[in-house]
2 protein chains.
Amino acid sequence: MAEKDMRERIKEVAVEHFNSNGYHGTTIRNIAKDVNCSLPMIYYYYNNKKELFDEIIKKEYFDLLKGQAALLRTNNIIDFYTKFVYDLNSLSNYDKKVYRLGIKVYLSFDGDEELMEIMDEWEKTILPRHYQILKPYLENADNDIAIVRTLVHLLETLIVSIVVKNRFLPEEEIREEISIVLRGCE
Amino acid sequence: MAEKDMRERIKEVAVEHFNSNGYHGTTIRNIAKDVNCSLPMIYYYYNNKKELFDEIIKKEYFDLLKGQAALLRTNNIIDFYTKFVYDLNSLSNYDKKVYRLGIKVYLSFDGDEELMEIMDEWEKTILPRHYQILKPYLENADNDIAIVRTLVHLLETLIVSIVVKNRFLPEEEIREEISIVLRGCE
DNA sequence: ATACAATTCTAACGAACGTTAGGTAGGGGG
DNA sequence: CCCCCTACCTAACGTTCGTTAGAATTGTAT
């Protein structure tokens, strides 16, 4: 009967519900209804509601982030960052929802203290990572750290636009904005 | 017995709860407990939970936004935007929470369709407004619209940092980032 | 065929939810 | 003194929640 692995189907539907209604707004009953299984089925695969939510953030979301962070870069830094953002447009619906849910927790709009701490740890790695990427292109800038910070801030909004607000951002607009911040670097 | 107007006290506590636990995570009982009043007291002043939430967004949040939008500007555009962001640091705790809650609805992490539509209407006014402010300083730029868009995007992240993540942003950092985007304008 | 484990179910538990019915307390005007 | 309105209460309604007990079903190895 199962078209896919039941455990996976539950997680997919859960992502949808947590995304639309938040942790507290999501009910196990509604998940079960959409999965087309009985209610205790959920408890067969996940010990409780929180464990289901945690697995989505800890596994799915961070897998996504780490995949992104490991992208190889071209030799043109503006191309690289443009592609980095633009490719978010074509993320699968599932990945987009996972991403959105992660950002929700990152902004402490959902989830709990424990997940927030994991987010904080990750956040600390962001600036240094981009500084490493950009360093070669910023050698003749006196405000290199500020430029990296500004770029990361801009990226954050662009990511939110695509993933959270579910807008499509044209490549040209992304390139324009990144170019404005990285003006003078090449 | 009432130190303040009861209706106002309920709203203040409600802001706190909606902020920490979201709409679905907030219970009328817990609000009543923190207000130190009985449960039906809430229903004496507000018809139901949703009306309480809606009043916070529709009145408190948009009052805040409109107050911000009406700020007078100095003759130095970088000073103006730096002050615009920096002043968010010293928002009252209540206002900060209202702001945070508004952004949560804006990102459709909470609230309902109806509130989202109000947010969309507001959002449409943002770019034109800043374009009007910046136009005089951008006359010799060919990508003026892109610069305005980039600045608004940067502002969004800075606002989120202060209001949502509850960080303090030093004036100098704000000024640096805004200057990078507005490089060449004065 | 039979035994056993993995998978899925029906039914129900207690607790907490939003909301309401119907009361009490107190003060100001007649 | 009594009436009535405002402000507040206790108690309960019906519903839905997360979770579990325990049985039915299915698949698989012998």
Under-4.0 Å salt bridge between A:Glu51 and A:Lys58: no

Under the ring-ring contact (aromatic ring centres under 6.0 Å, His included) test, residues paired with B:His130 that sit two or more places apart: B:Tyr81

A:Lys33 NZ - C:dC9 C1' separation (whole Å): 17 Å

B/S/- contact track for nucleotides 14-20 of chain C, protein heavy atom under 4.0 Å: ---BBBB

Separation of C:dA6 C1' from A:Arg7 CZ (nearest whole Å): 15 Å

Residues forming a salt bridge (Lys or Arg N to Asp or Glu O under 4.0 Å) with B:Lys165, sequence neighbours excluded: A:Glu123, A:Glu156

Within residues 15-31 of chain B or reaching into it, pairs that qualify as salt bridge (Lys or Arg N to Asp or Glu O under 4.0 Å) - sequence neighbours excluded: B:Glu16-B:Lys97

Contacts of B:Arg183 that satisfy side chain to side chain donor-acceptor pair (under 3.5 Å) - sequence neighbours left out: none

Atom-to-atom span, OH of A:Tyr46 to P of D:dT19 - whole angstrom: 15 Å

Sorted by number, the residues of residues 53-61 of chain B with heavy-atom contact under 4.0 Å to DNA chain D: none

Any pair counted as ring-ring contact (aromatic ring centres under 6.0 Å, His included), so long as it reaches residues 156-176 of chain A, sequence neighbours left out: none

Partner residues of B:Arg175 under the salt bridge (Lys or Arg N to Asp or Glu O under 4.0 Å) criterion, sequence neighbours left out: B:Asp79, B:Glu171

Those residues that, when tested against B:Lys124, pass salt bridge (Lys or Arg N to Asp or Glu O under 4.0 Å) (two or more places apart): B:Glu121

Contacts of A:Asn21 that satisfy side chain to side chain donor-acceptor pair (under 3.5 Å) - sequence neighbours left out: none

Results of salt bridge (Lys or Arg N to Asp or Glu O under 4.0 Å) for A:Asp34 - residues two or more places apart only: none

Anything under 3.5 Å between a protein N or O and an N or O of nucleotides 4-7 of chain D, put it in a table, one pair a line.
{"residue": "D:dA7", "atom": "OP2", "partner": "B:Tyr44", "partner atom": "OH", "Å": "3.0"}

